[in-house]
Amino acid sequence: MFTVFKHHVVTLTFAELLADIAFCFLAWLLLKAQVPHDLLTGVSGNSPLIGVLLPATAFALGMALLYSCVGVYRCRTATGGWAGTVSRALLAVLLGSVVVYLALTLDGNEGYASAFLMRAVPTIAIGMLLVRSLFYLARRAAVGTSRVLIVGTGTEARGVARDLSESTRTRHQVIGFYPTDNEPVALLRSGPELFSRNMPIDEIVRKYRVDEVIVAVIERRGGSVPMDQLLACRIRGVPVLDLAGFYERSEGIVPIDSLKASWLVYGHGFVQGPVRTFAKRVFDIVSSFALIAITAPIMVAAAIAIRCESRGPVIYRQQRVGLGGRGFMCLKFRSMRADAEKDGVARWATTNDSRITAVGNFMRRTRIDELPQLLNVLRGEMSLVGPRPERPSFVEQLREEIPYYDIRHSIKPGLTGWAQVRYRYGASVEDARKKHQFDLYYVKNNSLFLDLLVLIDTVSVVLFREGSR
């Protein structure tokens, strides 16, 4: 893995993206070389840069964006394995081909458009299958597997080992556990090797070619963890991660069960500078206007469907908690019966909730019910990306049960968020607890780059109805 704007990116996934870009770029160049010159009247320029390289680059980047929007680079378990990823990639090829064909035809290049379908599209499809197959085999062959030593033998250590073995994003091999002074060792009766305390950690790292060390111990005071040996590993260039750092990198969460206030105070992240705030606001305004223009027909159709199905307001206004704990009226298309909370008691929405109308059920699954919140974004009450706003009564309850819950109110709530694209729809306190860990990761590492990733993944979540509402 490597870090881009504080966000951890899987190396193989990034290499897969670059391979797709390269293949699409090459396909366009081959098309240009094979098509007769008299078919290129509307697309060739006086300069090779304008006539060849710029269109090829634009096409390759556009296809990469389409691949991303349909979820090709998402976790394989989310896309349905190799077959699911290939089917999504084929959909992207189809959509991209239609867009390019129509663009060329409307520009008066029917001959070039036909040549594109006959020559470039098969090349792209073959390249897509080749790239998917090669990287699938690379993951199966454990290319880039990292050898890990886990310091600790308790519940946390075994949890880390289990998460490493089940990870679909990266490959790790646990070479063993190193016991600390205050943890039982009898719990580990099988699996990776249990090293002796008499063998220094830095010697284990050297002898077993360890790539990284994970300290899976919550309590590290009193000399239970040999910090001098860990320092020796760190000086040699071997990464040393604590529990919070491990889960932040591997799962995209900040774990609250093993989190300490000192880590939040002294660690990096949680930066809300004026430049970031200004850039995010400009991005929100421009994107909101564009999305309103694009989705206006959908919103009109939704309003008509709601009005025809049941009595009551089309737009549902509900008090939510926003930036700094201040309340605001969140706008949504009404998806429940008008008397859903006639007793005045706030309730979690659940799967197959009887209060949800037929039209509302469809809108929730496709996220259409959230579109009016684009107006909240324009008014500055929300952002496009951020933690989802909760109702005041729920916030009071969650503050009592979830550590560091108010940290999510240090930034504006979002129309979509890191938790929404990484975790299923929440309908309980436990779900809220798990989603809060994703929200903490976003608050800690928020950047324009992460916002773009969330928005791209949101397209995939909506198109393929990933998760449940």
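Remember, it's a predicted structure, so these values are computed and weren't measured experimentally. One-based numbering along the sequence shown.
- Within the 4.5 Å cutoff, no side-chain heavy atoms of Val254 are placed close to those of Asp439.
- The distance from atom CZ of Arg388 to atom CG of Leu415, rounded to the nearest 0.5 Å, is 6.0 Å.
- Figure legend: Arg197 and Tyr178 shown without cation-pi pairing, the cationic atom not lying both under 6.0 angstrom from the six-membered ring centre and within 45 degrees of its axis.
- Counting heavy atoms from C-beta on, the side chains of Arg206 and Asp202 never come closer than 4.5 Å.
- Between Phe116 and Phe59, the distance from one ring center to the other falls under 6.0 angstrom.
- Counting heavy-atom neighbours within 6.0 Å of Phe449 CZ, excluding the residue itself, gives a total above 12.
- By the 4.0 Å N-to-carboxylate-O rule, Glu212 lies close enough to Arg249 to be salt-bridged with it.
- Under 4.0 Å is where a charged nitrogen must lie from a carboxylate oxygen, and between Arg326 and Glu381 no such pair does.
- Rounded to the nearest 0.5 Å, atoms CG (Asp20) and OH (Tyr73) are 3.5 Å apart.
- A distance of 11.5 Å separates OG of Ser165 from NE2 of His172, quoted to the nearest 0.5 Å.
- Leu164 and Phe246 make their closest contact through CD2-CE1, 3.4 Å (heavy atoms, listed as atom of the first residue, atom of the second, distance).
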Between Leu243 and Glu156, does the side-chain contact (heavy atoms from CB on, under 4.5 Å) criterion hold? Intermediate values first, please.
CA-CA 8 Å; Leu243 279 172; Glu156 292 79 16; 3.8 Å; yes

